[in-house]
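Reading through the structure tokens given below for one structure.
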Amino acid sequence: MTLPKLVKDYIDKLKELRELGKDPFKIKKFEKDAYASEIREKFSAIEAGEETDYKVKIAGRLLSKRKHGGVIFADLKDPSDKIQLVFRKDYTDDFKMLRLVDRGDIVGVSGVVIKTKRGELSVLVKSWTVLSKALRPLPDKWHGLEDVETRYRQRYVDFIMNEESRECFILINRVLHLIRNYLNENGFIEVYTPILQPVYGGAFARPFETYHHFLEEKMYLRIAPELYLKRLLVGGFEKVYEFAPCFRNEDVDSLHNPEFVQLEFYWAYIELNQLMDFIEEMLESVVRELTGDTKLEYQGKTIEFKRPWKRLRMVDAIKEYGGPDVEALSDEELFRIAEELDIHEERRGEIIEKLFDYYVKDHLVNPTFVTHFPLDISPLAKRIDGYADRMELYIAGMEVANGFSELNNPIEQYMRFKEEEDLRRKSDKKGLETMPMDKDYVRALEYGMPPASGVGIGLGRLFMILTNKTTLREVIAFPTLAREEKIDVIPELYPEVLDWYE
RNA sequence: GGGCUCGUAGCUCAGCCAGGCAGAGCAACGGGCUUUUAACCCGUUGGCCGCGGGUUCAAAUCCCGUCGAGCCCGCCA
């Protein structure tokens, strides 16, 4: 049946409920006193056919309705579980009016707990109320909603139909609590820093641009909170963190969404190795809390989070996994090798990083810290042995975190920004992959920032690993999609309903 | 940016290769049924075949374009 015709039936039922003085949309509350899961816990042991006199009031969405003449069965879903409702002609109030109740409606019922002859724990309903009328049909009760596009566009339907989707976000919530508690217990304070920024920084990425009309200023949505969090270190905060929504105006794929959340934290007076120790402890404890174990199954692979994690220098990693010994190569040789692999970059460091991606990345299944990054692609990090004192954490072949010993020398920081500017001028690229000069940040460092280490953790990717998903979109409730060209809504399909609620 | 795949009823799908009346199940509607659980039985309704062009006597089907989505590659820390 075409949508407008299907909707007609629902609208007619709504109309009839209104005429009976039972307009669901006029109702403001329902006093529930139980959840499906509680009923199940307390009464699962009763006998088939047993009818208790234990009264309950529950509410939720009807997922199915089975009519048998004098008895109607329905399944009600609340956030805790599902439970069967039984309506009986000789017991339930307004039995005939149940024809106005559809699968998909939100209902509140009161009744007693029973177990049917077939052994299904149920609520035998005495009185019932439609608390919200569904004006659109739910997807197929057996196959549910499978279309990936519709699942993301109309996530609300996905959450109704696919319990796994809902559970994923409940698990994510637990992870957020575990991480937040861990940081709080270790003396970190949670802060918020600007999302609208006059100068973007803290990462290499193309920003979203916007305009502030009152200030008459071009503004950017932040690509990272980093530079502001380090200003807080200057201000005397020793341990800070932020769950930071970030925005990058770049391509979308299973590992990238234009808006995503990073956890960044900074810790004054510690060096990078101590930071890596802390990250290991934190994530190992999160996994232990979640699973009771340090192992995790991800897409058929076992990931072992037990400390200590492997740490290796980027150049050693390239050698170890079959690539060249880049430290032994001149620039000419390195560029020639890169060309052979179809790698075309302007900076030596970028080539080394590409070689790492090419030879190594996919092999790093267990959590692994890759350290000693090329300096020229790390303008915010301190030095160590001619490299940047920087690490990236790889898990399941994915870059999950990026941290370094923070550069706190304002003079060197100024020069690094300058080099980025020069590179942008010389580059034949769009010039978006360099970091702009941030003089206020340099000025902040001029007041003195303590030595510190900090990290940004891509929470979406971490959630993917912890929830065993293959795409970021599954762990983002409303992933970014192209605009839908035309959306039919019921007041436009059936304008007469507009008169009902003037 | 390149390659591959998909788009048919509210949902899940068949039909496309090899052009010939647009189909099924679920949902909805009417009837039956007082213990079902993908309830069942009888009957009914329901289509911009993503959109636009082309080829053809004839296009859901073949061709071109386009929009949306998915996967892979490239790019993006």
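Letters go in sequence order (proteins before strands), and every chain restarts at 1.
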(message) I'd like to know if the side chain of A/Asn249 and the backbone of A/Arg206 have a donor-acceptor N/O pair within less than 3.5 Å.
(response)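 Not confirmed, A/Asn249 side chain does not pair with A/Arg206 backbone.
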(request) Could you say whether A/Glu146 or A/Val252 is positioned toward the 5' end of RNA chain B, judged by the nucleotide with the nearest heavy atom to each? (result)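 Result: A/Glu146.
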(message) Return whichever of A/Ser122 or A/Thr150 has its heavy-atom-nearest nucleotide of RNA chain B closer to the 5' end.
(response)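 Nearer the 5' end of the strand: A/Thr150.
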Closest to the [X] side chain: [options]?
X        : options             : result
A/Arg88  : B/U35, B/U12, B/C29 : B/U35
A/His68  : B/U37, B/A39, B/C29 : B/A39
A/Leu6   : B/G74, B/A69, B/A27 : B/A27
A/Asn402 : B/A77, B/A69, B/U35 : B/A77

(message) With side chain to side chain contact (heavy atoms under 4.5 Å, CB included) as the test, pick out the partner of A/Asp158 among A/Arg151, A/Arg153, A/Glu164.
(response)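 With A/Asp158 as partner, A/Arg151, A/Arg153, A/Glu164 yield a single side chain to side chain contact (heavy atoms under 4.5 Å, CB included), made by A/Arg151.
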What's [X] touching, base or sugar-phosphate or nothing? Going by heavy atoms closer than 4.0 Å.
X        : answer
A/Asp75  : nothing
A/Gly144 : sugar-phosphate
A/Asp9   : sugar-phosphate
A/Ile377 : base
A/Arg66  : base
A/Glu485 : nothing
A/Glu484 : nothing
A/Lys354 : sugar-phosphate
A/Lys361 : nothing
A/Asp342 : nothing

(request) Answer yes when A/Glu242 and A/Arg222 have at least one side-chain N-carboxylate O distance shorter than 4.0 Å, and no when they do not. (result)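 Judged by the 4.0 Å cut-off on N to carboxylate O distance, A/Glu242 and A/Arg222 do form a salt bridge.
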Gap in Å between the two [atom1] atoms, one belonging to [N] and one to [M], rounded:
N     : M     : atom1 : answer
B/C21 : B/C67 : P     : 33 Å
B/U61 : B/C51 : P     : 11 Å
B/G47 : B/G10 : P     : 8 Å
B/G19 : B/C49 : C1'   : 15 Å
B/A9  : B/A14 : P     : 12 Å
B/G2  : B/G54 : P     : 27 Å
B/A58 : B/C11 : C1'   : 32 Å
B/U66 : B/C73 : P     : 25 Å

(request) Respond yes when some side-chain nitrogen or oxygen of A/Arg473 is under 4.0 Å from OP1 or OP2 of B/C71, and no when none is. (result)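 It does, given that an N or O in the side chain of A/Arg473 lies less than 4.0 Å from OP1 or OP2 of B/C71.
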Complementary nucleotide for [N] - Watson-Crick or wobble, under 3.5 Å:
N     : answer
B/C62 : B/G54
B/G1  : B/C73
B/C40 : B/G32
B/C17 : none
B/C11 : B/G25

Output the rounded distance in Å from [atom1] ([X]) to [atom2] ([N]).
X        : N     : atom1 : atom2 : value
A/Ile72  : B/G32 : CD1   : P     : 13 Å
A/His344 : B/G1  : NE2   : P     : 18 Å
A/Arg206 : B/C75 : CZ    : C1'   : 11 Å
A/Trp142 : B/U37 : CH2   : P     : 12 Å
A/Tyr156 : B/G10 : OH    : C1'   : 13 Å
A/Asp90  : B/U35 : CG    : P     : 11 Å
A/Lys117 : B/U37 : NZ    : P     : 14 Å
A/Leu493 : B/A9  : CG    : C1'   : 15 Å

(request) Please say which of A/Arg136, A/Lys65, A/Lys133 ends up in a salt bridge (charged side-chain N to carboxylate O under 4.0 Å, His left out) with A/Asp102. (result)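 Single salt bridge (charged side-chain N to carboxylate O under 4.0 Å, His left out) partner of A/Asp102 among A/Arg136, A/Lys65, A/Lys133: A/Lys133.
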(request) Would you please classify the geometry between the A/Tyr441 ring and the A/Phe417 ring as parallel, tilted or perpendicular, with 30° and 60° separating the classes? (result)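 Ring orientation, 0 to 90° scale: perpendicular.
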(request) Encode nucleotides 40-47 of chain B as B, S and - characters from 5' to 3', where the letter depends on protein heavy atoms closer than 4.0 Å: B to the base, S only to sugar-phosphate, - to neither. (result) -----BBS
(request) Kindly say whether, by distance alone, the side chain of A/Asp140 makes a donor-acceptor pair under 3.5 Å with the base of B/A27? (result)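 A donor-acceptor contact between them is absent.
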(message) Whether the side chain of A/Arg103 and the base of B/A28 hold a donor-acceptor pair under 3.5 Å is what I'd like checked.
(response)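 Answer is no: no donor-acceptor pair is held.
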(message) Ring centres under 6.0 Å, that's the criterion: do A/Phe278 and A/Phe265 meet it?
(response)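 Yes; A/Phe265 has its ring centre under 6.0 Å from that of A/Phe278.
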(message) As an exercise, state the distance from CG of A/Asp389 to CD of A/Glu406, rounded to the nearest 0.5 Å.
(response)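 Reported to 0.5 Å precision, the distance equals 10.0 Å.
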(request) Give, for atom NZ of A/Lys22 and atom CZ of A/Arg18, the distance between the pair rounded to the nearest 0.5 Å. (result)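 Separation between the atoms: 15.0 Å.
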(request) Could you tell me whether A/Arg390 sits above the aromatic face of A/Phe373, with NZ or CZ closer than 6.0 angstrom to the six-membered ring centre and within 45 degrees of the axis? (result)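 Judged by the rule, A/Arg390 and A/Phe373 form a cation-pi pair.
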(request) Tell me whether the guanidinium CZ or amine NZ of A/Arg347 lies under 6.0 angstrom from the six-membered ring centre of A/Phe204 and within 45° of its axis. (result)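 Geometry flag: set, cation within 6.0 Å and 45°.
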(request) Apply ring-ring contact (aromatic ring centres under 6.0 Å, His included) to the pair A/Tyr228 and A/Tyr266, showing each step before the final yes or no. (result) CA-CA 11 Å; A/Tyr228 282 95; A/Tyr266 291 82; over 10 Å; no
